[in-house]
Amino acid sequence: MGSMLGNLPSFDPHNFSQLRPSDPSNPSKMVPSTYRPTHSRTLPPPDQVIATEAKNILIRNIYQRAEEKLRSKRAATEHLIPEHGCKQTRPSTS
Amino acid sequence: MFKTNNVTSRIFERQIRTPAPGTSVHSARRFYENLVPSFTIYDVECPDHSFFKFTDDGQYFVCFSRNRQDLIVYRPTWLSFSCKGEDCDNNQELPPQVKRFESFFTQLYVKPLASCNELICKDFFLYMESNQFGIFATSTAQIQDARGTDGAILGVPSFEKITIHLFRLEDGFKLDEKVFHNDCVNLTHNMGAFLYDDLLAVVSLRYQTIHILQIRDSGNLVDVRAIGAYCREDDELFINSSSQLAGNRGDLVDNGTNHDQPNSNNSFLSGIKQRLLSFIFREIWSEETDQTQRVQCLKKKFYFHFQDYVDLVILKVQFLDRHHLLIKFGSVDVGASRNTDQLPAFFAVYNMETTEIVAFYQNAADELYLLFERFCDHFHATSINSMYMNFISSHSNNIHALEQLKSMKNKATSISQDSARHDNALLDTISSIVF
């Protein structure tokens, strides 16, 4: 069959020579593959609600630092290395 | 994706392409790259008012009369004309209407604002964009030799009457007002007030109270709370009733009516002062675990400076969100002066709902500076409704602006090796941008 590009100049005329453009009278038999989960370990809990945190990031940060200070000082006798700020997800408290 | 600068192709692009979600304001503002002023008109005869300000949405132009008693509002209606022909750019002929003030502004109304012995504060104006409400202030002259009354601190001037007026700018209808008697509110450049959405915070310097007012859609100014001597609404009732039960208590003067304002004679500190001192105490207490070290630490850091902490006064306030306030404390000498930014300042974050101090920063703490460097946009608390604020470059969202800030800070701190001056340099950077 003729090149798909017709007579346009091309780098290598044999490129795309194997390609058969889809013909409406002969529909392709290819079906897109679907993927189904094999387990339900990663399903979200049924009562999960995702909402935007009402407190803005500055306020969140201020509260976080205050709590870290309190936590690290209380645990000062137990741990030799002070706790560095670890981010924990917590439900919206406002 | 090539972005063109040509205004015609930009208009075509606007017709055929939807901008990225949430950036419609930004796309519209980009047109200002193509529309630049090309003419200046001199010697236009203007009415004899003191011109003050355009509102942020460009709908109104606010002026005050020369005697500072009346409010005059104009609607900006820019003159437009078109030129047809080949040589339009070089054609300097403008229509004759251009020389008239009335071609650009239409007067909407003149309303008396201040009564006979009052003057309008010509630096004070807050605008509520959602309802097109404007907030103005008038005050009487300063009282010389202000007597110290119950609850008032000394060293702050007193004004017989300060009024905050709420106007509907569309038609100049006065909606409501809030009056402060024998008080001092720093009105220059809106320093003593902060508007956030529909909440207005006004700092009464003399009585050391933060008044939170809500502006309702109906136009009423509603008192929400007054933070100062009392934190919760029922504090006053509680303190009055418990002091009655306690009977004679040392320094309380029983005049028949219970004056329970905590002044310097009263050893009972209540309200926000109590919250602040107990927060500082608990912070220092939890720094050390060893009992004797704790007491030493407290002596050095708390009790030694106790009177200084007690003498701190509220200077400025701003909202961080609907429930949190950032309060600036300082010494009373700077209470009414203009240039408060050079002197030691303390910042506290206060939660109005739980009435707790969340954080306290002493005098240009590095922690506050770091927070400010990373979250500067949130210090300029604006309502979520103003879309254009999403696109303002600041050093928290733009690496080039951050570089500039860091180099400014390094220059300031490298010159001054002394740690006190380092603090001042830090404070300069913070104060220049916070508030």
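As a basis for the values below, the full set of heavy atoms in this structure was taken, side chains included, without hydrogen atoms, waters or symmetry mates. Per chain, numbering begins at 1; letters A, B, ... match sequence-line order.
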Sequence neighbours left out, what passes salt bridge (Lys or Arg N to Asp or Glu O under 4.0 Å) with K406(B)? Give chain and number order. none
Knowing that exactly one of D377(B), L371(B), D321(B), L326(B) qualifies, which makes a side-chain contact (heavy atoms from CB on, under 4.5 Å) with L58(A)? L371(B)
For the CD atom on Q214(B), are there more than 12 heavy atoms of other groups (residues, nucleotides or ligands in this structure) within a distance under 6.0 Å? yes
By residue number, those in residues 349-359 of chain B with heavy atoms under 4.5 Å from heavy atoms of chain A are V349(B), N351(B), V358(B), A359(B)
Minimal heavy-atom distance between L320(B) and N56(A), with the atoms involved, is O-ND2, 3.4 Å
More than 12 foreign heavy atoms under 6.0 Å from CD1 of I399(B): is that the case here? no
Evaluate the criterion side-chain contact (heavy atoms from CB on, under 4.5 Å) for residue pair K55(A) and H323(B); output intermediate values, then yes/no. CA-CA 9 Å; K55(A) 277 196 261 194; H323(B) 304 299; over 6 Å; no
Would one find more than 12 heavy atoms of other residues, nucleotides or ligands at under 6.0 Å from atom CD of Q404(B)? no
Once rounded to the nearest 0.5 Å, what's the spacing between atom CZ of R374(B) and atom CD1 of I57(A)? 7.0 Å
Say you draw a straight line from OH of Y361(B) to CD1 of I62(A); how long is it, rounded to the nearest 0.5 Å? 4.5 Å
